[in-house]
Each structure stands twice: as structure tokens, then as C-alpha cells.
Amino acid sequence: MEELHPPISSESHPTTPSSHSQSPKSWFLAGILGFLGLCAICAITVGFLALQVNKEKAPVEAVLHNHIQALSKKDVKGAYALLSPRAQRQIPISEVENLVNGDNYVLFEGYRRLSVDQIKVSLVTSGDPDLPQGTVAQVSGTIEYTGGVKGRFDSTLEKVDGQWMIDSFFVTIPPEKLK
């Protein structure tokens, strides 16, 4: 029986540990570069989102101002027109009339200005057709009234055909506003 041996070549190919694996320094450097790259991507994303929110603040604030100003002037049709079609399906115009003709008018009487303190813009999808969809803003802020009285508001808006419209709007006033 003959034993088979691999052919012997006159050329030799030495195998060094560095040709098959990287040194610990290389792994460390690659890890640092990867981490820095990830940080850069996160910073760019956060910066982009901050710019988007900042870009949306003024139009959101304008819609909210127009809405509460219309309510303060008892302009029911003007205030109702700023509600999204989804909100209008759920809120009859008679409810807005009750806001400006009943005891709740105190929420709007003496309105001077409104300012957005916090805004969160996000993309929302839901199987519930009564919930806001698409680009949605969750907003809170301050309402100033005559006499230096300040209240708070919370609102949800949704973009409809590129325009911000109100889905919900809640006002909280301090006790001194009731006097």
C-alpha cells in the first residue's frame, strides 16, 4: 500500500497571524470609528427632527391662535372651520356654540395671546378612523388673558392637505379667572 502525500512545492507561503486576524489595536480603532459614526448619524437625525419641529411651531401656533381668537369673538363658524374633518365628524357645531354661549365662555373671554411651550411632531397610523392620522402634533402651552391672568392648553393637531387642523383643544384656567 502506498501512502499519499500532498505534493511538495518549492514555493512556500508562510502564514502569519496578522494575515488572518486583526490586531487588538485595529479592532479598538474600528470600534471607536464605528461608535463615532453612529454618534454622527444620531446627531444628524436629532438635528433634522429639531429643525422639523421648529419649522412646524409657527404654523401650529397660528392655527391655535386663530381658533381661540375666533372663540373669544364668538365666531363659531370660524372656530369650527379650523377643526379637522375627522374632528368635525365627531363634534357637532352645536357643541362649539355651547362653548361660546354658556358658562364655558370664561375659557376664551379676554384672550390676548397664546404661546406654544412644547411640541412633538410624529407620524401616526391607526386602524381607528376617529383618531388623528398622518403627521400629528401634540402641543401644550400658555394662554394669556387681559389682567395678566395665564392659563394652559393642550391640543392635538393633524396635517390635512398640507395644513394643520385641530383635532382636540383643552384649556385650563386658574381660579382667579373665574372671578
Side-chain angles (χ1 to χ4, degrees), residues 39 41-179:
C39 287
I41 290 169
C42 289
I44 290 169
T45 302
V46 167
F48 176 75
L49 292 174
L51 286 175
Q52 285 298 102
V53 165
N54 201 31
K55 180 180 127 186
E56 298 296 354
K57 184 178 177 182
V60 163
E61 209 166 50
V63 169
L64 293 169
H65 167 75
N66 291 340
H67 181 67
I68 197 167
Q69 187 173 45
L71 290 168
S72 73
K73 293 178 179 181
K74 297 188 177 190
D75 177 9
V76 172
K77 288 182 183 178
Y80 195 74
L82 297 171
L83 298 180
S84 72
R86 188 180 323 277
Q88 288 181 5
R89 281 196 317 264
Q90 299 171 63
I91 303 168
I93 197 166
S94 61
E95 282 190 35
V96 178
E97 289 170 346
N98 290 338
L99 284 176
V100 300
N101 293 321
D103 292 337
N104 286 326
Y105 180 66
V106 71
L107 298 171
F108 315 110
E109 185 176 33
Y111 169 73
R112 290 187 53 216
R113 78 178 131 260
L114 168 146
S115 62
V116 170
D117 298 334
Q118 293 183 344
I119 182 171
K120 177 185 172 194
V121 178
S122 56
L123 292 176
V124 176
T125 57
S126 173
D128 185 345
D130 292 335
L131 294 177
Q133 308 280 326
T135 305
V136 174
Q138 299 288 339
V139 184
S140 62
T142 306
I143 299 173
E144 293 181 37
Y145 299 93
T146 55
V149 176
K150 291 185 179 183
R152 302 277 314 147
F153 74 89
D154 292 292
S155 185
T156 301
L157 296 88
E158 65 180 320
K159 264 196 174 174
V160 178
D161 297 327
Q163 298 295 314
W164 286 108
M165 300 191 84
I166 298 169
D167 179 71
S168 64
F169 189 80
F170 301 97
V171 176
T172 306
I173 56 172
E176 63 262 23
K177 177 89 170 87
L178 297 172
K179 294 177 183 176

**Request:** Could you list the residues that satisfy side-chain contact (heavy atoms from CB on, under 4.5 Å) with Q88, not counting sequence neighbours?
**Result:** Y80, L83

By salt bridge (charged side-chain N to carboxylate O under 4.0 Å, His left out), which residues pair with [X], not counting sequence neighbours?
{"X": "R113", "answer": "E144"}
{"X": "D103", "answer": "none"}
{"X": "R112", "answer": "none"}

**Message:** Taking CD in Q118 as the centre, count heavy atoms belonging to other residues, nucleotides or ligands within less than 6.0 Å. Is the count above 12?
**Reply:** no

**Message:** Taking atom CD as the centre, does Q163 end up with more than 12 heavy-atom neighbours from other residues, nucleotides or ligands that are less than 6.0 angstrom away?
**Reply:** no

Side chains of [X] and [Y]: closer than 4.5 Å at any heavy-atom pair?
{"X": "P85", "Y": "M165", "value": "yes"}
{"X": "V124", "Y": "P132", "value": "no"}
{"X": "V136", "Y": "L157", "value": "no"}

[X] [atom1] to [Y] [atom2] distance, which is reported to the nearest 0.5 Å:
{"X": "S94", "Y": "N101", "atom1": "OG", "atom2": "CG", "result": "11.0 Å"}
{"X": "S115", "Y": "K150", "atom1": "OG", "atom2": "NZ", "result": "7.5 Å"}
{"X": "L99", "Y": "L107", "atom1": "CG", "atom2": "CG", "result": "7.5 Å"}
{"X": "T142", "Y": "F153", "atom1": "OG1", "atom2": "CZ", "result": "7.5 Å"}
{"X": "I91", "Y": "S168", "atom1": "CD1", "atom2": "OG", "result": "8.0 Å"}
{"X": "Q138", "Y": "D167", "atom1": "CD", "atom2": "CG", "result": "8.5 Å"}

**Asked** What closest approach, in Å, do K159 and G162 show between heavy atoms, and which atom pair accounts for it?
**Response** CE-O, 4.0 Å

Please check if the side chain of [X] supplies one atom and the backbone of [Y] the other of a donor-acceptor pair under 3.5 Å.
{"X": "R152", "Y": "G141", "result": "yes"}
{"X": "Y105", "Y": "N98", "result": "no"}
{"X": "R89", "Y": "D130", "result": "no"}

**Request:** Apply the test side chain to side chain contact (heavy atoms under 4.5 Å, CB included) to residues W164 and T135: give CA-CA distance (whole Å), side-chain angles for both, the deciding distance (0.1 Å), then the verdict.
**Result:** CA-CA 9 Å; W164 286 108; T135 305; 3.7 Å; yes

When the side chains of residues 170-177 are checked against the rest of the protein, which donor-acceptor pairs come out under 3.5 Å, sequence neighbours left out?
residue : atom : partner : partner atom : Å
K177    : NZ   : V106    : O            : 3.0
K177    : NZ   : E109    : O            : 2.7

Side-chain donor-acceptor pairs of residues 61-71 under 3.5 Å, sequence neighbours excluded:
residue : atom : partner : partner atom : Å
E61     : OE2  : V116    : N            : 2.7
H65     : ND1  : Y111    : OH           : 2.6
H65     : NE2  : Q69     : OE1          : 3.4
N66     : ND2  : A62     : O            : 3.3
H67     : ND1  : A79     : O            : 3.2

